[in-house]
Structure formats: C-alpha cells, structure tokens
Amino acid sequence: MAEIGLNHYLTLSALVFCIGLYGVLARRNAVGILMAVEIMLNAVNIALVAMSRYVGPGGQPTGQIFAIFVITVAAAEAAVALALLIAIFRTRGTVDVEEINLLRW
Amino acid sequence: MTTEQIVWSIFFSPLAAFLLICFVLRPAGAHGLAGLATIVGVAGALGASVVTFLNVLAVPGHELPLADYPWLTIGDLRLHLGLAVDSLTSVMLLVVTSVSLLVQVYSLGYMAGDTGYSRYYAYMALFTTSMLGLVLADNLLQLYVFWELVGLCSYLLIGFWFHRPAAAAAAKKAFVVTRFGDLGFLLALLALASVAGTLTINELFTEHKVAALVGASFLGVTALTWVALGLFAGAAGKSAQFPLHVWLPDAMEGPTPVSALIHAATMVAAGVYLVGRMLPLFQHAPAAMAVVASTGAVTALMAATMGLVATDIKRVMAYSTVSQLGYMMLALGLGGYVAAFFHLMNHAFFKALLFLGAGSVSHTTGTFDMRYMGGLRRAMPVTFWTVLLASLSLAGIPPLSGFWSKDEILATALAASPGLFWLAMATVLLTAFYVFRMLLLTFTGEYRGGGAAEAAANGDAAQGADAHGHGGVRLHESPSVMALPLVMLAAPAVLSGLVNLPTIPALDDFLMSRTVRETLEAHHVAFNPLLAAFSTGMALLGIALAWLVYGVKALRADSLGSALGGLPYRMLYHKYGLDFLYEKVLVGSLLYTVVCGLFAALDRYVVDGLVNGAGQLTRGLGRGLRRVETGQVQAYGLAIFLGVVVITAVAIVRG
Amino acid sequence: MDYGYSLSFYALAGLTVLSSLLVVSLRNIFHAALFLVLAFVGIAGIYLTLNAAFLAVVQVLIYAGAIAVLMLFAIFLTRNAMAQGNPPGRLQASALITAGLMFIALAYSFANSRWAPGPATPPDIGPELLAKELFTTFAFPFEVASVLLLVAMLGAILLARE
C-alpha cells in the first residue's frame, strides 16, 4: 500500500465527481438531481483542498479559499434551485425531469 | 494663350456647351438657347483648331510638344492623361470641327420645333467633345474611353426619336454590333499593356517595343499580329466594315444631321483613324495588313452593290459610306497612309454634304423613299446643285476632290495587289451608278407625291421617317439656315482635293510628321495619268448607265431587276441575307434557342437546383435535427459531457 | 509509513464513495438524502486528513447541516409529486458510459500531469490565515459572494412565494 499522496485524493475526487455526474444524467427526480450536483461540487472541493496541501510552496491558503467560495456559491445555487423546483412543482405538479420538456421542438 | 492652352480649349469648348445645356439651360427651361450654345462651343473649337493647325504647320516636324499628366500607375504600367497634336491630328481637328459646325447650323432649321431640341444639341455637343477627345488622345486607353463615348453618343442619337420602335431597335443594333468589335479593341489594349508595358501611342512605335511585340507569340501567331487584328476588329465595328457593317444602314433612323456628322463624316471614320494612327505597328504584321486590305476591298464592293437597289435615299448614302470607308481601309492595308487620310478628309466633306442634301429633300417631301420623290431640281435649286457637286465628287470625276484621293488609293492598290485593284475598280463603276441613280430618281422626272403618297401606299396615316410633314403640298427650297451649310460644304467638297495635287503634294509632306517619317515605311505611289483616265472612264460609264436606266429610260429598271430570274436583285435587296443570317439564324436560332436555351437550362436546373438544394438541405437537416431537441435537460447534459470527453481525448491524442 | 493515516483515508474515501453511490442509486429519495449527509460527513473527514480543519467544520455546518436540511425540505414539499421516488431515467445506460468515460479522461489527465512539488510536511493553515487572506487578498470576491448570497436569497423567496 503506497503512501497516501496527491493522486489518491485526485482519484477519489474524480470518482466522486463521476458518481455525481451519473446521478445528474440518470435519475428522474429533480431533487435527486440536485443532490447529485452537490456531490459533484464536493468532489471539486476535494481536489482543490488536496492541491492546496500537496502542490506548490506550503502555507498557501488559496485552494481552501477557493473551496470556501465554491461552498458559498453552492449554497446560493441550492437555494435558488430548490425555489425553482418548488415553483415548477406548483405549476406543473411534477418534479420528474422527463416530464418537464417544454424546451423542445 | 499658350499653344497648349489652345489645344486644350479645343476639347473644353464644346464640353462647356454640353455642361451649360445640361446644368443651366435645360433646368432653366431655356431650351431655345441650346442650339446657340452648341454652335458657339463648336465654333470656339473650330477657331482653336485653325490656330493649332497653323501652329503645327509652323513647327518643323509638325508635332507640338505637349505635357501629359500622370493618371494611374499599375505595377510597371504608367498611364497618362495627355493630348498629342501632330499633322494628322490637326487635319482631323479641322475636319471634325468644321463639319460639326456646319451640321449644327443646319440643325437649327432641321430640328426646329422638335420636342427634344435641347436634348439633341446636348448630345451633339457631347459627341463633338468626345470625337475631339478621341482625335487628341495621346494614348490608346484615353482613345478607347472617347471611342466608347462616341459610341454612346451614336446610340443616343440614332435612338433620338426613341418612341419609334425602328429607331430604338436601330440604336440597340448599332450599339451591340459595334460591341463585338470593341471587344477586340479591349483585348488588344490588354495585350499591349502586358506585352509592351505602355499604351502611349508614340512609345509603342519604338524599336524595342515592336521587337517585344514581335517576340511574344500566342497560338503560333505573334502578339503584334493579334494586337493589330484586335485593333482592326474595333475599327471594323466602328467603321462598319464587313461583316460588322450591318448596323450603319439601320442607323439612318436617327435625325439626318446626325447621320451626316456621326455616320458619314466623323465617328465612322474613327476606325480608319485608329488603324491609320497605328499603322507603324500594323506594318510589322503583314498578315494583319492583308486582312485590313482585303476586308476593305470586299466591303467597298459589297456595300456598293447593296447601294444599287436601296430605295431609301439615306440608305443609299449609308451603303456609300460603308463602301468609301472600305476604300480607306484598303488603302491603309496596302500602306497608303496619306491616301487613306486624304480620302477620309474629302469623304467627310462630300458625304456630309450628300446627307444634308438628303435631309433637305426629305424636309420638303416628307419622305426618304426615292420612289416617291422626283422632279425636285426646279423646286430646290440650291440643294440640287450642291448635291450634284457632291455626287460628282463621290463618283470621282476630275477635278473634284473625290477624284484625287480615290485615284491615289487606286494607284496604291495597283502597285501592291492587282486583285484588290480590280475589286476597287469595279466599285468605281458601281459608285458612279448608284449615286446617279439616286440623283436622277430624286431630282429629275415627275414629282411622285412625297410623304403623302408613301403613306397612302403603305395604307396608313403614319408619317414616314423623320419627315416634317409638309410633303406634297408645296415644294420649296429649305430655309437658309439649312441651305447655307450646303453651300459652305460644297466648297471643300469641290476644292479639298487641291491640297494634294500630284505636282504639289502639300498634304503628303504635311502628314508625314517626324514620328511618322521615322516609324512608317513611306509608300508613295507616283501619279499615273493612264490609271486616272481609266478610272474616270469607269465613273463616266457608270453615270451613263444610270442615265440610260433612270434618265432616258432606255433600259427599264424592272427588266434589269428581273434579269437572271431576279435572283441577283433579290440577293442585293435582302443585303446578301446577312441581316437574316445575323438576326434569324445567329441571334434567333443559335443564340436564343441553343445558347440561351443552354443557359436557361443551366439556370433552371443547376443554379436554381443549387439554390433550392441548399434550401431543401437545410430544411431536411432541420427536420432531422429537431428530433434531437427533446427538451430533456439530461440529454443536453449528456451531450455536454460527451463533448468534454471528446475534447479531452483529442487534447490527449494530439499531446 | 503512517498506517493510521492511510487507514483513515481509505475508510473515509470508502464511506464517501459508497454513500455517494447510494445517493444516486436509491429509489427512495428520503433515504438518498440521508446518505447524502453521510457523504458530506465523509468528505469533511477527508478535509481533516488534509489538515483543513476549518473547511471540515464549514463542510459539516453548511453541507451536512444547512444544504442537507434544505434538500429534506424540498423532498417534503414535493412529497406527493413522485410516487415512485427517484427512478432511473431513459438515459441510464448512456449516463453510465459517459460517467465512465469521464472518469477515464480525468484519471488519465491527473496521472499524466506534472505538479509542482509541494511541502513534505502538511502546512499549517488555520482559520487566522484564511480570515486574513479572505479580508485582504480576496476582499473583493468575498464582497461579491456576499452580494450573490443576498440576491440568491431574495430570488429564492420571490420564486418560491405563492
């Protein structure tokens, strides 16, 4: 078992990202999709923090600061997305993305 | 004024008249002053031309040094704007301005009361400007510009009465037919610019330019020959040489003074002028020279035969013009530089006179058809006597001007080519015959009713041609503004031959200016009394035959016409079928049916097909692709990430 | 070799991956949300192994706390919308392939990237340093982020209002 290094974290990040991606593309419930999006964002954060720890001269907090901004934006996104979702549910009576298909020919 | 300013004023004075009419007189409604403006403008040009002529005469070498101005530089090709005045130019200036002035004066009477009076004089001023610009140009591009401008004026003036379908059609025909020749001219210019690298006329004559032109070849023929043939094609179109002569007889639909000025004296001579001007180049291309000479001879004979049967007085003159221009081309083709321009000058005077005489006759009778004229000798003595003099001059009876120049051409032909000489000699006989047929039909015998009779014969009330409609009522001499130019033109028509008598070849010496003397091989043929006597005899024979048929009617014209089953007559009457060939076969069948059919098919199936195909393609694509737009947001997301994968893959593969 | 460190990494990574997989594969949306919280906690643990204690706290507070609760609210509010919970869609197979390809692309890229070598020992990045950076170097983005949050809050209220 090799010593834990940057590549381990990056692989974990990629794996979690792709799991989230699958969730976004494959599930039908809009709330489930939102949760998958959050997973993707977290995967990116793992990569950022790992970079901050392993890459470049030490003592640079930029990666973590980036992660904080990502969290902030993710919170905003989640709030707006859920509000939208509720609005859609109210008008169309569903959160099934396969039935929300107004944007088509 | 300096010499140079005087030369420029020749050009600018009629231009000023044109601009004045267009921008001041017509907007102000002062249409009546247009004639005066043009006459003053042309008179100014004539005055300046006379001074220039005297200046040229005084300078040794007979060339005025004039500055030119840079215009365009394209690579190595430097184009200039400039005027060149040598002896030939100065003679042409005199001919153009004097004939133009007399025609403008004559038009005061002829065009009086016409609704397009000021428009007519504007065109005439523009034409005179362009013709002077053509003659004065010191390089071929400038010459070409004015060449096209006179063509435009010709078009505008032939179609002056554009409300008459025949006039509109004739104008179009003149424009289109000359276009064929002008294409050759343009190609020749391009060839000259690329091979010789200059378009300045005198520079082209230098030895190394000629060597460059002889050195290059295309399809086994030297560039020089191609250039010469191209220039001749332009000249043949403008000067109505076979096979492009068909437009000139139709051009008689224009007002008669226009025919006199443009289609007899000046513009149609531009082709001869061009070939003559470029003769130092032509002489190095024997093949082109042979083409020029034989085309000239064939045209001369052919047009003369067609002139035998025309019944329209102006058409007789038109065929005569074509024929005489053929003479000039013949002379040029055989190297007779002076002979050609001598004849050009004489012809300008006597042919303008003949046309103005024809206009005078129709002004009174209301028709151009000689079958409805006759007996006008007593009613119109001035017209009769002046036309008689011009006719004798045209027929070549000594000592009138036509005799001297025609004789020089014949002598040149005899010395160079016996075959062409006999063609020319036959033309002498025919010329004398048709011109006296015209004279006898018009002025002798009984009056046959004029325009009224013609209208009755045609079974309609429409007035023939540009007649002014007092035919048949009271025959009278034309007003003095019309009679005076006739008399004034009669003087040069009779006397202009005297400038180049065999014993005192003044014109010969004058026209051989320094450049011409240096670049052109002299072709001076001595006067041959025997030849002169022979050609005079032929002319007299022609006159006698005409007298027998149309004067004393010893031979009946009808029986002559039906000789050999009437075939020769019909052939001549239908102009050798050339109009039929051009209009029905070439244009009607070949052009419309085959070529236009091809293009129509091309347009319909290929071009439209492409356009419609493009439309169908996008529509089909849209119809197919819109299925992709499912509105399923996840499908879009899938596409985005597949795209990311593909881009990453490409980035990895390409390193 | 620090086995304790390695062990904790693998444990936390396994927890995170497993929870995430359950989040995207469970039909019961409520259970999925609970596993989402677990995944967030796992990630917080990962942060700890990276010496990012402050982030770990933030992660638990915001994700495991606030956002997860927000998700649960959303589930409750749309409870009757989908009787079948969170079923897989028509694109399930293609999604799987795309995700797989994406992972290959990412892994290949990471494996072939040359990073600047970092410090041997974990740098000490405490809340003090982060706060200093946030309010000096990143002051402007920080303010923009605060405006973004305000706008998002107002927008959410406006959208969700009856």
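All values derive from a computational prediction rather than experimental measurement. In what follows, every chain begins at residue 1, and chains take the letters A, B, ... in the order their sequences are listed.
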- Task: Answer yes if the ring centres of A/Tyr9 and C/Phe9 are under 6.0 angstrom apart, and no otherwise.
- Result: yes

- Apply side-chain hydrogen bond (donor to acceptor under 3.5 Å, both in side chains) to C/Gln92 and list each qualifying residue two or more places apart in sequence or on a separate chain. A/Tyr22

- Proximal component of A/Val73, with respect to chain C [non-hydrogen, under 4.5 Å]: both

- Greatest number of non-hydrogen atom pairs under 4.5 angstrom with chain A, of C/Leu150, C/Thr49, C/Thr137, C/Ile97, falls to C/Thr49

- Under 4.5 Å, counting heavy-atom pairs only, tell me which of C/Val17, C/Leu50, C/Leu106 racks up the most with chain A. C/Leu50

- Query: Between C/Phe54 and C/Tyr47, is any pair of side-chain heavy atoms under 4.5 Å apart?
  - Reply: no

- Message: I'd like to know which of C/Val151, C/Val58, C/Leu36 tops the heavy-atom pair count under 4.5 Å against chain A.
- Response: C/Leu36

- Heavy-atom contact with chain C under 4.5 Å, split by part of A/Val16: side chain

- Taking side chain as C-beta onward, heavy atoms only, is C/Trp115 less than 4.5 Å from A/Leu10? yes

- Query: Who are the side-chain hydrogen bond (donor to acceptor under 3.5 Å, both in side chains) partners of A/Glu77, not counting sequence neighbours?
  - Reply: none

- Counting only heavy atoms closer than 4.5 Å, note whether A/Leu12 contacts chain C via side chain, backbone, both or neither. side chain

- Item | Inter-chain contacts: residues 139-148 of chain C against chain A, heavy atoms under 4.5 Å | C/Pro141, C/Phe142, C/Ala145, C/Leu148

- Query: With sequence neighbours left out, what residues match C/Ser109 under side-chain hydrogen bond (donor to acceptor under 3.5 Å, both in side chains)?
  - Reply: none

- Note on the structure: Given C/Leu70, C/Ile46, C/Thr16, the one with more heavy-atom pairs under 4.5 angstrom with chain A than any other is C/Leu70

- Task: May I ask you to name which of A/Leu85, A/Thr72, A/Asn7 has the most heavy-atom pairs under 4.5 Å with chain C?
- Result: A/Thr72

